[in-house]
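Reviewing the structure listed below.
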Amino acid sequence: MLAVVKEGPGPGFALREVPKPELRPGWVRIRVRAVGICGTDIPIFEGLRKVPYPLIPGHEFAGEIEAIGEGVEGRRVGDRVAVGLVIGCGECPACRRGEESLCERITEIGIHIDGAFAEYVLAPAKALHALPAHLSFADGASVDPLASSYRGIRRLNLEPRDDVVIFGLGPIGLYALQAVRAHGARHVIAVTPRPGLRSQMARALGADALIISEGCHDLAAAVQSANHGQPPSVVIEATGKPEAVGQALQVAGMGGQVLLLGIFHQQAACDPAQIIRKELRISGSFCYNWDDFQASLDLIARGLVRAAPLITHRLPLARIGDALSLILKREAVKVILEP
Ligand SMILES: [Zn+2]
Ligand SMILES: [Zn+2]
């Protein structure tokens, strides 16, 4: 089968024929029909994030079951499925609580073991979710980034009086925007460095106001004036930029919440007095568990969150090089590859 293989450290990858993965008990083999390129795939290809080599990356995917391993029940060849990337050990305290994403020995498909930038991929039966007939494979491949965003949002326990500000309009921010809308937040404000494709999408997906942060001297004041003169009760950070942490604390209102969804590669400085004086509640969120993934799939199935508007490009697997350069040039929001 054709696969994208990260063969060793340093930048680059190979596009080549490899053997089809061998089925094992409790797992299924999936014919990949759609796989998204994630922000975390980029440092893997650049060699900045170390993975076990050789590795076939790719973890945002959906497809059809092509073969079923021994002992798997309730699944049939041809079933359409979306797949969560988290495989918990099943035995550590976090796994026992159903929090597989906090597993001490977590295995992630496409990061620790071979993933879906290939025609076929293996997945354990316990990671499968049935993809409803009215959803596309691209919808199925979009559940992973939505779930990564939605896990944190569920835990905010949003109320109709909440005003939410979102920093960053990549896929995670754009999914957060739709999910907080689905939860009935009163007012949603999106913050992005400059106008463009992403800010247009935020408008189309229901942002009440948009703030361009580049050249803005007082972000907290700009947010307040966009929010009827009030500071917001919830700030969602989805940029991963170190300076955004301090800004998020500054922008949040009294007794507010700050949710950190961005992936930080550098340390960030902030003023802890903001947390104390305003009694802020800060939460982090990493990946998702089975239930977060299923809830996210349900949001898409019910039309409460839309994946299609974020998908700017669909390309065959062999054009992954073009796909990566579209992402690096920020000409794409979400690229779906169709192996
Ligand atoms: Zn991802
Ligand atoms: Zn575990």
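Each ligand, and each atom within it, is numbered from 1 in the order the structure gives.
- A donor-acceptor contact closer than 3.5 angstrom links the side chains of Asn289 and Glu99.
- Judged by distance alone, the side chains of Asp139 and Ser136 do bring a donor and an acceptor atom under 3.5 Å apart.
- At least one donor-acceptor pair under 3.5 Å links the side chain of Arg29 to the backbone N or O of Pro21.
- The Zn ion (ligand 1) has no N, O or S atom of Asp41 inside 2.8 Å of it.
- Judged purely by distance below 3.5 Å, without hydrogens or angles, the side chains of Glu237 and Thr239 pair a donor atom with an acceptor atom.
- Glu60 contributes OE2 as its N, O or S atom closest to the Zn ion (ligand 1).
- With the Zn ion (ligand 2) at the apex, Cys103 SG and Cys95 SG define an angle of roughly 100° (rounded to 10 degrees).
- Residue His59 approaches the Zn ion (ligand 1) most closely through its N/O/S atom NE2.
- To the nearest 10 degrees, the Zn ion (ligand 2) sees SG of Cys92 and SG of Cys89 at an angle of 110°.
- Using modelled atom types and a 3.5 Å distance limit, the side chains of Asp162 and Ser233 yield a donor-acceptor pair.
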